[in-house]
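First up is the structure itself, then whatever we jot down about it.
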Amino acid sequence: MKWSQSLIPTLKENPSEAEIDSHKLMIRAGLIRRITAGAYAYLPLGTLVLNKVINIVREEMNRAGAIEVFLPALQPLNLLEESGRLNVFGDDLITFEDRHGKTTALGPTHEEIITDIVGNEINSYRQLPITLYQIQTKFRDETRPRFGVLRSKEFIMKDAYSFDIDYEGLNKSYKLMYDAYCRIFDRCDLDYIVVEADSGAMGGDVSHEFMVPSSVGEDVLIRCLKCGYSANRERAEFAPIPKENHVTLQTVKEVLTPNKHTIQEVSTFLKVSSSKMVKTMIYISNGEPIAVLLRGDHEVNETKLTKVLGQEAVALADHTTIEHVTGARLGFAGPVGLKTRIIADQAVSVLSNFVTGANKSDFHLLNVNTERDFKIDQIANVRYVTKGDKCPKCNHDLDISQGIEIGHVFKLGTKYSDALKAKFLDTNGKEKSMIMGCYGIGVNRIIASLIERSHDENGIIWPLLLAPYKVIIIPVNVSDTNSMQMANSIYEDLSNNPGIEVLLDDRDLRPGVKFKDADLIGIPIKIIIGRKFTETKELEIKLRKSGEIFLARPENIKSKIKELFETLSKY
RNA sequence: CGGGGCGUAGCGCAGUUUGGCUAGCGCGCCUGCCUUGGGAGCAGGAGGUCGGAGGUUCAAAUCCUCUCGCCCCGACCA
């Protein structure tokens, strides 16, 4: 491609709409333009990269035995109703009414559609297992689109769905997808880690997230840097906190804490560390209020709490209920004297002489102790990891960092096949629900997270396999006939080789501008025709990433480029 | 959805507090000259419903009301 014939609008200044590096660079390098909040147009360069990522995904899916389909973006509401996810998605679902008054949704994902199809078309164990996948735009009315293509209202997702006759089969299908994901992200040159995850609104049990560590990531990842244990924030386990030895129990004392109702306020007022305080949160479980005790500096993990309680979902009690249960204004709840069931976090169970609310407005209690002052009904792990927590496997310090979720694999089981009646007859002629798995990859996120991790002050640094063009030819002076003849001849020559994608910067601009642009759009290899060429007829080859420079005579250029491809693809 | 901010040329911004003549600056763009190894220089030029509607006023980018859009923090989120 000749630069002058494409549309590559580079920007010298940072766009005001962008906050993070990848977003700024995608705009500056002319990959994307925003059309409206959460929706982006991919310009020629962006489209080339997008297609490269898609091709890699497609190749690896096919290699793993998955079969490609293409599903509609339009979805009827009844299937989402049947699976119970109409409520789960709620306002995230983009819907519209057609001219006949029928409401249709723009698909946020496609479990229901695929399950419906497979349920209709597959009837026998002989037709299983099967894994179908598609690469398609999904729509979600995100409350807050952010960070360019990292969180947008429409995005491209590869989603695959496996159908098996039993859990053994599911495990195999899952493993195949898991391995394919590793190959995809390896080929995209991403540094990623895999974490255990909770399956959340998808349903099902086992799940893994593929994350790219990044300070701009919206997901929290918990890792043990010693033994390799890793999980996301909802899922992460940690070692129990040991009980202090030889503690003398002190006498309970009621103290006045006027209008101090947050942990922070009480901590400051009484000069007691929040880790020596216990907060009492009133939840509603099965219609009954229960008390959940947590150390002052800890946060409740509702995902874990939900599981402990064996519920679908839990919610904090409203103010009136809390005041009724505790007999005090909000902020002065404590376990002493409470009549409700009391669930204590493990960290609370090992604490002694702590501070709690007195169940009396404007008062707290000092030196409260479990057993002596109140009874715990159940000790459980219902909190998030905090700094200082230890690895559940090797007791080393846990590391808490952020990451971008680029892929997620789930073992769904029969949640959807039960709801949408996707059944088959087994060898005994008995009807059974198919065992499902689902597997997603955020295609746009691969690009953004790659840039997030691979750029410098001059611009993007593409890995060879994702670069929109692998080589850029820069004639320093386009009005010099010899240079231009050489540039065109190399361009023609290299363009005839399918694997070498070449961009010729034929614009009549000063060299500085062309060098800066080449760096900005991140082309791995530059071929510069300039001073050296005039002097010695040699061409200069410069690498974007390392800055290394090689000289080659025109007749050797093709072999040199191929040699560099070899080197660049080895890492 | 709660809180904050912004909207002036293709991009980045000043001007708005305290209303005043023809609305500015940098980059980019067009023409010419010159220049050609890291975002040159000179000369000339094009480009604006000041987000939109209504109002106040002799006079509105500037004040008031409504409205649309965008960004940030939070809540939310496979």
Side-chain angles (χ1 to χ4, degrees), chain A residues 7 9-20 23-24 27-28 30 33-39 83 85 88-93 107-112 138 140-148 150-153 155 157-161 197-204 207-211 217-220 232-234 302-303 316 405-412 415-416 437-442 445 457-459 474-480 483-484 505 507-520 526 528-535 539-540 542 547 549:
Chain A
L7 174 63
T10 57
L11 260 35
K12 200 186 286 189
E13 286 173 287
N14 274 323
S16 62
E17 73 189 75
E19 195 77 0
I20 62 171
H23 190 191
K24 289 176 186 166
I27 294 167
R28 282 191 55 208
R33 286 293 183 266
R34 189 192 62 211
I35 299 304
T36 183
S83 72
R85 287 212 296 178
V88 175
F89 280 109
D91 287 341
D92 276 2
L93 201 63
T109 173
H110 284 77
E111 279 76 14
E112 286 81 2
K138 313 278 174 171
R140 292 183 197 178
D141 191 0
E142 291 287 345
T143 44
R144 190 176 160 207
R146 219 188 310 209
F147 300 150
L150 273 185
R151 175 167 299 276
S152 48
K153 287 196 184 184
F155 53 97
M157 180 162 114
K158 185 289 301 174
D159 48 326
Y161 307 93
D198 195 80
S199 43
M202 297 300 296
S207 117
H208 288 92
E209 285 176 349
F210 290 74
M211 309 275 267
E218 296 184 83
D219 292 272
V220 176
N232 74 359
R233 188 163 182 251
E234 274 62 42
E302 292 193 355
T303 307
L316 278 168
E405 182 187 353
I406 49 170
H408 204 155
V409 293
F410 298 83
K411 288 185 186 175
L412 290 177
K415 178 181 157 101
Y416 296 95
C438 78
Y439 318 91
I441 287 182
R445 281 186 177 180
E457 67 281 5
N458 291 317
I474 305 179
V476 166
N477 182 357
V478 297
S479 45
D480 180 72
S483 296
M484 274 319 280
D505 191 350
R507 297 174 300 169
D508 183 10
L509 290 172
R510 297 184 54 85
V513 177
K514 305 217 286 193
F515 289 136
K516 287 285 185 192
D517 268 350
D519 285 347
L520 177 60
K526 293 193 234 340
I528 302 160
I529 305 167
R531 190 193 293 138
K532 205 76 196 170
F533 176 71
T534 325
E535 289 166 2
L539 303 170
E540 192 179 322
K542 188 169 182 183
I549 293 172

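The basis for the numbers below is simple: all heavy atoms, side chains too, and nothing from hydrogens, waters or symmetry mates. These numbers were taken from a predicted model, which means no experiment stands behind them.
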C1' atoms of B:G5 and B:A43, separation to the nearest Å: 42 Å
Between B:A75 and B:G3 - C1' atom distance, rounded Å: 11 Å
Test salt bridge (Lys or Arg N to Asp or Glu O under 4.0 Å) applied to A:Glu234 - qualifying residues, sequence neighbours left out: none
Sugar-phosphate only, base, or nothing, as touched by A:Asp519 at under 4.0 Å among non-hydrogen atoms: base
Contact state string [nucleotides 39-51 of chain B, B base, S sugar-phosphate only, - no protein heavy atom under 4.0 Å]: BB-----------
Span that lies between the P atom of B:C50 and that of B:A61, in whole angstrom: 7 Å
Touch class at under 4.0 angstrom, heavy-atom based, for A:Thr36 against every strand present: sugar-phosphate
Atom C1', compared across B:G52 and B:G39: separation rounded to whole Å: 37 Å
Counterpart residues, salt bridge (Lys or Arg N to Asp or Glu O under 4.0 Å), relative to A:Arg34 (two or more places apart): A:Glu17
Touch class at under 4.0 angstrom, heavy-atom based, for A:Ser16 against every strand present: sugar-phosphate
Protein-nucleotide distance (A:Lys542, atom NZ; B:G37, atom C1'), rounded to Å: 9 Å
Atom C1', compared across B:G28 and B:G47: separation rounded to whole Å: 12 Å
Partner of A:Asp517 under salt bridge (charged side-chain N to carboxylate O under 4.0 Å, His left out), chosen from A:Arg507, A:Lys12, A:Arg510, A:Arg28: A:Arg507
Sugar-phosphate, base or nothing in reach of A:Glu209, heavy atoms under 4.0 Å: nothing
Residue closer to the 5' end of RNA chain B, A:Phe147 versus A:Pro511 (nearest nucleotide): A:Pro511
Any donor-acceptor N/O pair under 3.5 Å between B:G37 base and A:Lys526 side chain: no
Distance in angstrom units between A:Arg531 CZ and B:G37 C1', rounded: 5 Å
Any donor-acceptor pair under 3.5 Å from A:Arg233 side chain to A:Asp219 backbone: no
Distance, rounded to the nearest Å, where A:Lys24 contributes NZ and B:C72 contributes P: 11 Å
Whole-Å gap separating C1' (B:C71) and CG (A:Asn14): 15 Å
Test: A:Arg151 and A:Glu142 ion pair at under 4.0 Å: yes
From B:G37, B:C77, B:C70, nucleotide with atom closest to A:Ala37 side chain: B:C70
With sequence neighbours excluded, residues passing side chain to side chain contact (heavy atoms under 4.5 Å, CB included) with A:Arg531: A:Glu535
Integer angstrom distance from the P of B:A60 to that of B:G51: 15 Å
Touch class at under 4.0 angstrom, heavy-atom based, for A:Ile474 against every strand present: nothing
Touch class at under 4.0 angstrom, heavy-atom based, for A:Phe155 against every strand present: base
Strand partner of B:U62, provided both Watson-Crick or wobble distances fall under 3.5 Å: none
C1' spacing across the pair B:G55 / B:C13, given as an integer number of angstrom: 30 Å
G-U wobble or Watson-Crick pairing nucleotide for B:G44 (cut-off 3.5 Å, both distances): B:C30
Qualifying residues under ring pair (Phe, Tyr, Trp, His ring centres under 6.0 Å), relative to A:His23, sequence neighbours excluded: A:Tyr40
Rounded C1' spacing from B:C29 to B:G12 in Å: 15 Å
Separation of atom CG in A:Asp508 from atom C1' in B:U36, rounded to whole Å: 9 Å
Partner set under side chain to side chain contact (heavy atoms under 4.5 Å, CB included) for A:Val478, not counting sequence neighbours: A:Pro475, A:Met484, A:Asp508, A:Lys514
Spacing of A:Asp141 atom CG relative to B:A75 atom P, expressed in whole Å: 19 Å
Basic-acidic side-chain contact under 4.0 Å: A:Glu111, A:Lys415: no
Rounded interatomic separation in angstrom, taking CD from A:Glu142 and P from B:C71: 13 Å
Opposite nucleotide pairing with B:G7, Watson-Crick or G-U, both atom distances under 3.5 Å: B:C68
Exam field: side chain A:Lys158 to backbone A:Tyr439, donor-acceptor pair closer than 3.5 Å: yes
Watson-Crick or G-U counterpart of B:U22, or none if no pair lies under 3.5 Å: none
Closest to the A:Glu13 side chain, choosing from B:C72, B:G26, B:C71: B:G26
Touch class at under 4.0 angstrom, heavy-atom based, for A:Arg34 against every strand present: sugar-phosphate
Base B:C77 paired with A:Arg151 side chain (donor-acceptor, <3.5 Å): yes
5′-ward residue of the pair A:Ile528/A:Glu405 relative to RNA chain B: A:Ile528
Interatomic distance, A:Arg146 CZ vs B:C77 P [rounded to whole Å]: 13 Å
